[in-house]
Number of protein chains: 2
Amino acid sequence: MTAAKLKQQAHARLEQIAGRLKKGGHRMTPQRMAILKAILDGEHPSAEDVFKSVAMQFPSMSLATVYKTLALLKKEGQVLELGFGGQESRFDALIPKPHPHLICTRCGEIVDPNFMDLERAIQAMADQTGFRVDTHRLDFFGLCPKCRAQGTA
Amino acid sequence: MTAAKLKQQAHARLEQIAGRLKKGGHRMTPQRMAILKAILDGEHPSAEDVFKSVAMQFPSMSLATVYKTLALLKKEGQVLELGFGGQESRFDALIPKPHPHLICTRCGEIVDPNFMDLERAIQAMADQTGFRVDTHRLDFFGLCPKCRAQGTA
DNA sequence: ATCATTGCAAATACTTTGCAGCGTT
DNA sequence: AACGCTGCAAAGTATTTGCAATGAT
């Protein structure tokens with residue numbers, strides 16, 4: 001996907017989220033708009049990333065507001081939180097439904113890979129265990145192509 | 001697997017871990033032995049679970065010691081930590097290598113399901129993205145059979 | 001005017017660290 | 001004696017909450 005397409009996609013998603021928040025009785029403040037843009041333009045940013053990015057426009061911005069907005073977006077199902085035990089969570093507003101992630105342990109890049117037959121594998125597990133599977137979290141860790149090229153350092 | 005078999009498996013694993021720690025220049029103290037037993041006998045216990053369980057035998061036991069021991073076991077690759085953003089981590093000493101987990105969101109039970117063709121799916125993702133995949137974390141969330149039976153409450 | 005939202009400060013949850021004393025080898 | 005281990009207290013990290021002031025509808 002090209003950069004231009006991604007930007008267009010992010011913009012369309014921004015409108016969509018804004019509409020859904022309003023429908024839910026929430027307000028679309030300038031701060032919220034900036035936070036949303038930061039999440040959509042960034043690549044799986046952390047709360048701190050979002051804060052730093054928004055703080056340039058809104059020097060009075062507080063981290064608490066970022067967290068509150070993220071909590072609201074989560075509650076409305078408009079953002080996916082990727083929490084890593086201990087470390088900062090990262091957020092995905094483009095695709096707010098659970099999907100696999102491939103995470104570079106050196107540079108932190110996160111990409112969305114294809115994963116074969118996930119539905120079928122989940123069904124098989126459900127049949128086998130008697131669980132009702134509602135959601136999931138699939139993370140794969142390794143080195144992205146760039147970091148692989150940089151050697152073992 | 002029967003309860004008796006599980007107990008035997010846990011015992012064998014305890015010996016194995018003890019041996020590996022000694023080889024690594026570490027000491028097998030009574031506290032450590034109790035911590036190991038608690039992890040192996042419990043079902044994916046949290047640090048707090050381990051602490052409470054061990055504190056009965058060792059009233060002077062400190063949570064810090066539990067955490068230090070868990071950190072050592074992690075470093076030696078003898079325990080798998082399942083961290084959940086914000087909430088307590090849970091630990092698995094029976095199978096210290098990454099494997100899928102099925103987690104009940106009501107009662108917290110964690111089971112180890114079979115998962116089809118994981119190797120092949122990982123290989124496909126690696127080919128597709130250029131990543132080198134080193135490890136993973138696969139969690140599925142839902143309701144266990146018991147909790148399903150108890151209704152939607 | 002009403003009621004959600006902001007932002008500061010304080011609180012929380014979980015985990016890690018510093019360090020003095022203890023116990024093994 | 002050397003060195004790892006224990007356990008208390010304090011610090012640390014990421015996130016959440018209380019509340020008064022602000023701002024949108």
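Applying the salt bridge (charged side-chain N to carboxylate O under 4.0 Å, His left out) test to Asp112(A) and every residue at least two apart in sequence or in another chain returns nothing. When the side chain to side chain donor-acceptor pair (under 3.5 Å) test is applied to His11(B), no partner is found at least two apart in sequence or on another chain. With sequence neighbours left out, the side chain to side chain donor-acceptor pair (under 3.5 Å) criterion links Arg27(A) to no other residue. Scanning for ring-ring contact (aromatic ring centres under 6.0 Å, His included) contacts around Phe115(B) gives Phe140(B), with sequence neighbours left out. With sequence neighbours excluded, no residue forms a side chain to side chain donor-acceptor pair (under 3.5 Å) with Gln57(A).
An OP1 or OP2 oxygen of dT6(C) is reached within less than 4.0 angstrom by a side-chain nitrogen or oxygen of Thr29(A). The shortest distance between the side-chain N/O atoms of His26(A) and the OP1/OP2 oxygens of dT5(C) is below 4.0 Å. Proximity of Gln31(A) to the phosphate of dG23(D): no side-chain N or O atom is located under 4.0 Å from OP1 or OP2. A sub-4.0 Å separation between OP1 or OP2 of dT15(C) and a side-chain N or O of Ser89(B) is present.
Rounded to a whole Å, the CD atom of Glu88(A) is 11 Å from the C1' atom of dT15(D). We find that CD of Glu81(A) is positioned 13 Å from P of dA14(D), with the value rounded to whole Å. Atom CD of Gln87(A) is separated from atom P of dT15(D) by 10 Å (rounded to the nearest Å). Here dC14(C) presents its P atom at 15 Å from CG of Leu70(B), a figure rounded to the nearest Å.
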Donor-acceptor pairs under 3.5 Å, side chain of residues 70-84 of chain B to any protein atom, not counting sequence neighbours: which ones?
{"from": "Lys74(B)", "atom 1": "NZ", "to": "Glu81(B)", "atom 2": "OE1", "distance (Å)": "2.5"}
{"from": "Glu76(B)", "atom 1": "OE2", "to": "His26(B)", "atom 2": "NE2", "distance (Å)": "3.2"}
{"from": "Gln78(B)", "atom 1": "OE1", "to": "Arg13(B)", "atom 2": "NH1", "distance (Å)": "3.2"}
{"from": "Gln78(B)", "atom 1": "OE1", "to": "Arg13(B)", "atom 2": "NH2", "distance (Å)": "3.1"}
{"from": "Gln78(B)", "atom 1": "OE1", "to": "Arg20(B)", "atom 2": "NH1", "distance (Å)": "3.4"}
{"from": "Gln78(B)", "atom 1": "NE2", "to": "Glu76(B)", "atom 2": "O", "distance (Å)": "3.1"}
{"from": "Glu81(B)", "atom 1": "OE2", "to": "Ser89(B)", "atom 2": "OG", "distance (Å)": "2.6"}

Please report, to 0.1 Å, the donor-acceptor pairs under 3.5 Å made by any side chain of residues 59-67 of chain A, with sequence neighbours excluded.
{"from": "Ser62(A)", "atom 1": "OG", "to": "Ala64(A)", "atom 2": "N", "distance (Å)": "2.9"}

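Screening residues 35-54 of chain B for ring-ring contact (aromatic ring centres under 6.0 Å, His included), with sequence neighbours left out, gives His44(B)-His101(B). Under the salt bridge (charged side-chain N to carboxylate O under 4.0 Å, His left out) criterion, no residue pair touches residues 48-67 of chain B, with sequence neighbours excluded.
Ion pair Arg137(A)/Asp139(A) flagged as a salt bridge, since at least one NZ, NE, NH1 or NH2 atom sits closer than 4.0 Å to an Asp/Glu carboxylate oxygen.
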One character per nucleotide, please: for nucleotides 17-25 of chain C, 5' to 3', B when the base has a protein heavy atom closer than 4.0 Å, S when only the sugar-phosphate does, - otherwise. BBB---BB-

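Residue Leu63(B) has its side chain nearest to dT15(C) when only dT15(C), dT15(D), dG7(C) are considered.
The stretch residues 35-62 of chain B has no heavy atom under 4.0 angstrom from DNA chain C at all. Contacts between residues 14-21 of chain B and DNA chain C, counted as heavy-atom distances below 4.0 Å, involve no residue at all.
Between Phe58(B) and Ala34(B), the shortest heavy-atom distance links the atoms CE1-CB, 3.8 Å.
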